[in-house]
Amino acid sequence: MIPSDPKLRFSLVVPIYNEEDNVQNLLQEVADVLRPHGPFEALLVDDGSKDASLQRMREWKAAKGASWLRLVVLARNCGQSAAVMAGVEQARGPVVTTMDGDMQNDPRDLPAMVARVLAGECDAVVGVRRKRQDTWTRRMSSKIGNGVRNWLTGDRVTDAACGIKAIRREYWLRAPKFVGMHRFMATLVKYLGGKVVEVDVNHRPRAAGVAKYGIGNRIWKGLRDCFAMRWLRTRMLMHQVKEEL
């Protein structure tokens with residue numbers, strides 16, 4: 001396990017897959033918005049991109065001399081959950097935040113989310129896209145999906161697919177690892193005994209590139225994951241060491 005760094009307030013993990021037209025604007029926005037709220041680190045995880053995403057991230061880092069930016073490169077495309085966890089496992093901040101790489105999430109929401117976790121108010125703050133800038137079909141499929149998800153998992157999460165989150169590092173590391181877990185982190189934190197707070201967050205239209213998810217490639221996988229969570233709820237190991245004498 002990578003040791004934590006007490007000098008950092010938080011880490012930001014962003015999974016990147018074929019976002020060559022967004023990554024440099026994303027990095028500049030992260031720098032402009034989050035550096036005043038540091039010290040922090042950002043880990044952009046290239047999930048086997050087939051375009052120039054990695055090259056453009058390297059170029060931006062070299063040009064800006066950004067010591068706070070770490071690039072994590074996966075050997076092959078493994079999916080969003082694996083990319084997120086690859087970054088989390090390398091992160092050193094006490095709070096690990098995430099957001100999507102398509103610039104639809106707004107990093108301006110992160111400082112207040114981090115502050116609530118660091119203040120001890122909760123263990124996780126997760127976003128709710130109240131004015132979601134997506135097509136009617138995507139919004140409606142998400143609404144139905146959230147309803148089915150909550151029914152099957154026995155939890156209540158308003159917007160499970162929202163990518164912007166701030167969660168104590170220990171909960172990320174204690175959570176069971178599986179494909180699709182990034183969409184269930186709020187529930188996993190609750191299963192582990194943590195407190196979760198939902199907050200409204202800004203959501204923006206996609207500036208460039210194409211969406212990686214749709215109804216066709218999510219509905220059946222989503223149902224499978226929900227049934228897995230239903231099983232996991234009764235089988236998770238919940239032990240915590242109180243002390244050693």
Side-chain angles (χ1 to χ4, degrees), residues 10-35 40-64 66 68-91 93 95-111 113-114 126-129 132-135 138 142 159-167 172 179-185 201-214 217-218 221:
F10 66 97
S11 300
L12 170 64
V13 173
V14 186
I16 299 293
Y17 180 66
N18 291 349
E19 295 287 357
E20 63 181 5
D21 294 326
N22 284 320
V23 287
Q24 292 193 344
N25 289 334
L26 169 68
L27 285 169
Q28 189 60 56
E29 184 176 44
V30 166
D32 293 342
V33 172
L34 297 184
R35 287 183 68 186
F40 83 107
E41 63 178 358
L43 298 92
L44 268 69
V45 183
D46 184 74
D47 185 22
S49 293
K50 296 177 175 62
D51 63 3
S53 294
L54 180 57
Q55 177 185 342
R56 294 186 181 181
M57 288 189 287
R58 284 173 168 160
E59 291 171 352
W60 192 92
K61 181 176 181 178
K64 302 293 184 178
W68 51 268
L69 174 59
R70 303 168 61 192
L71 302 180
V72 179
V73 184
L74 300 190
R76 60 181 178 83
N77 176 247
C78 294
Q80 190 170 352
S81 288
V84 169
M85 285 310 302
V88 168
E89 289 163 359
Q90 298 297 315
V95 178
V96 179
T97 66
T98 63
M99 58 185 240
D100 295 334
D102 56 13
M103 296 196 71
Q104 290 193 265
N105 296 142
D106 191 340
R108 292 167 183 81
D109 288 312
L110 286 173
M113 297 169 77
V114 170
V126 298
V128 177
R129 297 166 291 183
R132 186 171 173 180
Q133 302 299 307
D134 278 323
T135 65
R138 288 176 66 85
S142 182
D159 190 3
C162 183
I164 193 161
K165 303 176 176 71
I167 302 174
W172 284 107
V179 175
M181 66 172 290
H182 67 281
R183 294 191 299 274
F184 291 90
M185 278 306 300
V201 296
N202 188 27
H203 191 245
R204 307 179 291 195
R206 176 178 263 276
V210 295
K212 309 304 187 295
Y213 295 107
N217 66 358
R218 174 171 284 181
K221 292 179 181 178

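These numbers come from the heavy atoms of this one structure, side chains and all, not from hydrogens, waters or symmetry mates.
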Regarding Ser53 and Glu20, do their side chains bring together a donor and an acceptor under 3.5 Å, going by distance alone? no

Taking the side chain as every heavy atom from C-beta outward, state whether Asn77 and Tyr17 have any atom pair closer than 4.5 Å. yes

So do Met85 and Glu89 actually touch side chain to side chain, heavy atoms under 4.5 Å? yes

Sorted by chain and number, sequence neighbours left out, salt bridge (charged side-chain N to carboxylate O under 4.0 Å, His left out) with Arg108 holds for Glu29, Asp106

Please find the pair of heavy atoms, one from Asp100 and one from Gln80, that lie closest to each other, and give the distance. OD1-NE2, 3.3 Å

For Ala166 and Thr97, the nearest pair of non-hydrogen atoms, with its separation, is CB-CG2, 3.8 Å

side-chain contact (heavy atoms from CB on, under 4.5 Å) evaluation trace for Leu110 with Ile164: CA-CA 8 Å; Leu110 286 173; Ile164 193 161; 3.6 Å; yes

May I ask you to decide if Val13's main-chain N or O and Thr98's side chain share a donor-acceptor pair within less than 3.5 Å? no

To the nearest 0.5 Å, what is the distance between CG (Asn105) and NZ (Lys165)? 8.5 Å

Minimum heavy-atom separation for Val45 to Ala86, with atom names? CG1-CB, 4.3 Å

Stepwise, does the side-chain contact (heavy atoms from CB on, under 4.5 Å) test hold for Leu27 with Leu44? CA-CA 9 Å; Leu27 285 169; Leu44 268 69; 3.6 Å; yes

Side-chain heavy atoms of Leu26 within contact of Val14, under 4.5 Å: yes

Any non-hydrogen side-chain atom of Asp47 less than 4.5 Å from a side-chain atom of Ile16? no

Tell me if a side-chain donor or acceptor on Asn202 pairs with a main-chain N or O of Asp109 at a distance below 3.5 Å. no

Would the distance check show the side chain of Asn22 and the main-chain N or O of Met103 forming a donor-acceptor pair, the cut-off being under 3.5 Å? no

Check for a donor-acceptor pair, side chain of Lys61 on one end and backbone N or O of Leu69 on the other, with a separation under 3.5 Å. yes

Is there side-chain contact between Leu12 and Val30, with at least one heavy-atom pair below 4.5 Å? yes

Regarding Asp21 and Arg56, does a basic nitrogen lie under 4.0 Å from an acidic carboxylate oxygen? yes

Glu19 and Asp102, any side-chain heavy atoms less than 4.5 Å apart: yes

Correct closest heavy-atom pair for Val88 and Val96 would be CG2-CG1, 3.9 Å

So do Ile167 and Val95 actually touch side chain to side chain, heavy atoms under 4.5 Å? no

Looking at Gly127 and Met113, what are the two nearest heavy atoms and their distance? N-CE, 4.1 Å

Just by distance, do the side chain of Ser11 and the backbone of Glu41 share a donor-acceptor pair under 3.5 Å? no

With side-chain contact (heavy atoms from CB on, under 4.5 Å) as the test, would you mind laying out the steps for Leu54 and Val73 before giving the verdict? CA-CA 8 Å; Leu54 180 57; Val73 184; 3.7 Å; yes

Below 30° counts as parallel, above 60° as perpendicular, anything between as tilted: where do the rings of Trp68 and Trp60 land? perpendicular

Taking Arg204's backbone N and O only, do any of them form a donor-acceptor pair with Gln104's side chain (distance below 3.5 Å, no angle check)? yes

Would you call Met185 and Trp172 a side-chain contact if the rule is heavy atoms closer than 4.5 Å? yes

Side chains of Gln28 and Gln24: any donor to acceptor distance under 3.5 Å? no

Start with the C-alpha distance between Val128 and Cys162, add both sets of side-chain angles, then the distance that settles side-chain contact (heavy atoms from CB on, under 4.5 Å), and finish with yes or no. CA-CA 6 Å; Val128 177; Cys162 183; over 6 Å; no

Between the CZ atom in Arg183 and the CG atom in Asp159, the distance rounded to the nearest 0.5 Å is 12.0 Å

